[in-house]
Amino acid sequence: MPARIVTSTALSAALPACLLAGAALAAAGCDDNTSSAGVGPPALTKQQAGQVLAAYATAVNRAGKRLDGKALPGIEADPQLSMDDAALKLRRVIRQRPPAMKFAHTTFYVPRLHGYPHWFAADSITGKGKQTLRHALLFTQAKAGAPWLLAADPYPTDAALSRVALDPDGYATPVDAGDKGLPVAPGKLPAAHAALLTGGPSASGASALAKGPKTTETYAALKQGEQALAKRGVTLTSKFSAAPYTVYALRTKDRGALVWYVVKQNEAYSAAKRGTLAVSGDLTGLAPAASARTHMDTTVLVQYLATVPPKGRAAVTGMYRKAISAHGS
């Protein structure tokens, strides 16, 4: 997995950005799966999952050394692809290569699935000391013979994946996005989170999420950022929406679910005075530095990892945020 550099937009707390690039991964061999979810054969064996991750790590380190993102589409799928392509553009501008990355203390969570796409998750650690980072990687395979691609990698603040339930053979159980047996269906989390970040804790659907640094505290920080920018002559409007990506979930030991999902943020900056706006921080590399004269629009993707309990509100335990486009005028 690639190294991170810390960048930020004007209104957000500094968050890590990453470079993920490299050569194509060959699909790990596995039989076609036509059994019911949680009953049939797993998507692949844990040994094969380890081979996928090892090949990915090799590709990442090669790409990092070359600062070459041409192979990204061969090892990643959206949203990870768009986010890491933007991160690579930033690294080129600042001319900073990532150090070689090595996954350690990895545990694989492979679900039993019906049909395609196949997918699995991995809990792993990279870096040492203050540079230690935990990953909740999610790989997908679109069809038989297709390559395994990294689709998501939010960074948990705790060992969230250790809550996943395993059967006697060590495999996990997927949870349907529309599961009605939970306080909030996994598929409804993107819209609920977007509503909270746009309209605050009292917004419709926002009560599905527990208070915390990635929910209510983020909303409060956003409002403070808007006020701070206003004092500098900059008007900011920000709107969040559910991003059009698949929601993935695994059953937890308490009969809840661990969920991967994505939210999109659209920002619009405007200033009457030229020179007040600038393409900098997390936006570096997405538009010419001097292109934001009096207006700038940006698009940001935020990956989340949340734990939905059998009863109560969902707790957001991980995230990865990256601006993917910027347009100034």
Side-chain angles (χ1 to χ4, degrees), residues 4-18 78-91 93-94 152 154-155 189-201 203 205-206 209 213-245 261-304 316 319-329:
R4 270 67 179 170
I5 56 176
V6 176
T7 58
S8 65
T9 61
L11 59 93
S12 300
L15 294 168
C18 71
D78 276 330
Q80 196 76 23
L81 176 60
S82 294
M83 298 171 76
D84 291 335
D85 181 59
L88 180 57
K89 292 176 181 178
L90 185 154
R91 282 195 172 274
V93 172
I94 65 175
Y155 313 132
L189 280 174
H193 205 149
L196 188 155
L197 295 177
T198 300
L209 293 161
K214 298 173 180 62
T215 54
T216 53
E217 292 177 28
T218 294
Y219 174 76
L222 176 63
K223 293 306 170 184
Q224 291 175 1
E226 291 176 354
Q227 294 172 6
L229 287 173
K231 294 179 180 179
R232 295 167 46 192
V234 177
T235 299
L236 168 64
T237 58
S238 185
K239 181 179 180 180
F240 294 81
S241 60
Y245 301 115
Y261 63 96
V262 188
V263 169
K264 181 172 70 173
Q265 178 184 9
N266 292 105
E267 303 171 313
Y269 299 84
S270 61
K273 184 179 179 181
R274 290 196 176 194
T276 304
L277 298 178
V279 177
S280 60
D282 197 41
L283 303 177
T284 300
L286 299 180
S291 64
R293 294 183 291 272
T294 59
H295 189 85
M296 181 165 58
D297 294 314
T298 75
T299 301
V300 178
L301 293 179
V302 193
Q303 299 178 20
Y304 288 107
V316 181
M319 68 177 290
Y320 167 34
R321 180 188 189 278
K322 184 69 187 76
I324 61 169
S325 69
H327 303 281
S329 60

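When reading the values below, keep in mind they use all heavy atoms of this one structure, side chains included, and skip hydrogens, waters and symmetry mates.
- Annotation for Leu283 and Met296: closest pair CD1-CE, 3.8 Å, computed over non-hydrogen atoms.
- The CG atom of Leu301 sits 8.0 Å away from the CG atom of Asp78 when rounded to the nearest 0.5 Å.
- Taking the side chain as every heavy atom from C-beta outward, His193 and Val316 approach each other to under 4.5 Å.
- Distance check: Leu229 CG to Thr235 OG1 gives 9.0 Å after rounding to the nearest 0.5 Å.
- When all heavy atoms of Ala242 and Ala191 are compared, the pair lying nearest together is CB-N, 3.8 Å.
- Of all heavy-atom pairs spanning Pro201 and Ala206, the tightest one is O-CB, 3.6 Å.
- Side-chain contact between Tyr304 and Thr215 is absent, with no heavy-atom pair separated by less than 4.5 Å.
- The distance from atom CD1 of Ile324 to atom CG of Leu81, rounded to the nearest 0.5 Å, is 10.0 Å.
- Here the side chains of Leu209 and Thr216 are not in contact, with every heavy-atom distance at 4.5 Å or above.
- Tyr245 places none of its side-chain heavy atoms less than 4.5 Å from the side chain of Gln303.
- Shown here for Gly281 and Leu90, the closest heavy-atom pair between the two residues is O-CD1, 3.6 Å.
- Taking OH of Tyr261 as the reference point, atom CE of Met319 lies at 10.0 Å (rounded to 0.5 Å).
- Heavy atoms from other residues, nucleotides or ligands lying under 6.0 Å from NZ of Lys239 number 12 at most.
- For the atom pair NZ of Lys223 and OG of Ser238, the computed distance is 7.5 Å after rounding to the nearest 0.5 Å.
- With contacts defined as side-chain heavy-atom distances shorter than 4.5 Å, the pair Asp282/Lys322 qualifies.
- The nearest pair of heavy atoms linking Tyr320 to Ala87 is OH-CB, 4.4 Å.
- Across every non-hydrogen atom of Val279 and Pro288, the tightest pair is CG2-O, 3.5 Å.
- Here the options are Asp297, Thr294, Leu277, the test is side chain to side chain contact (heavy atoms under 4.5 Å, CB included), and the partner is Tyr269; only Leu277 passes.
- Looking at Thr218 and Leu197, their side chains come closer than 4.5 Å, going by heavy atoms from C-beta outward.
- Expressed to the nearest 0.5 Å, how far CZ of Arg91 lies from NZ of Lys89 amounts to 15.5 Å.
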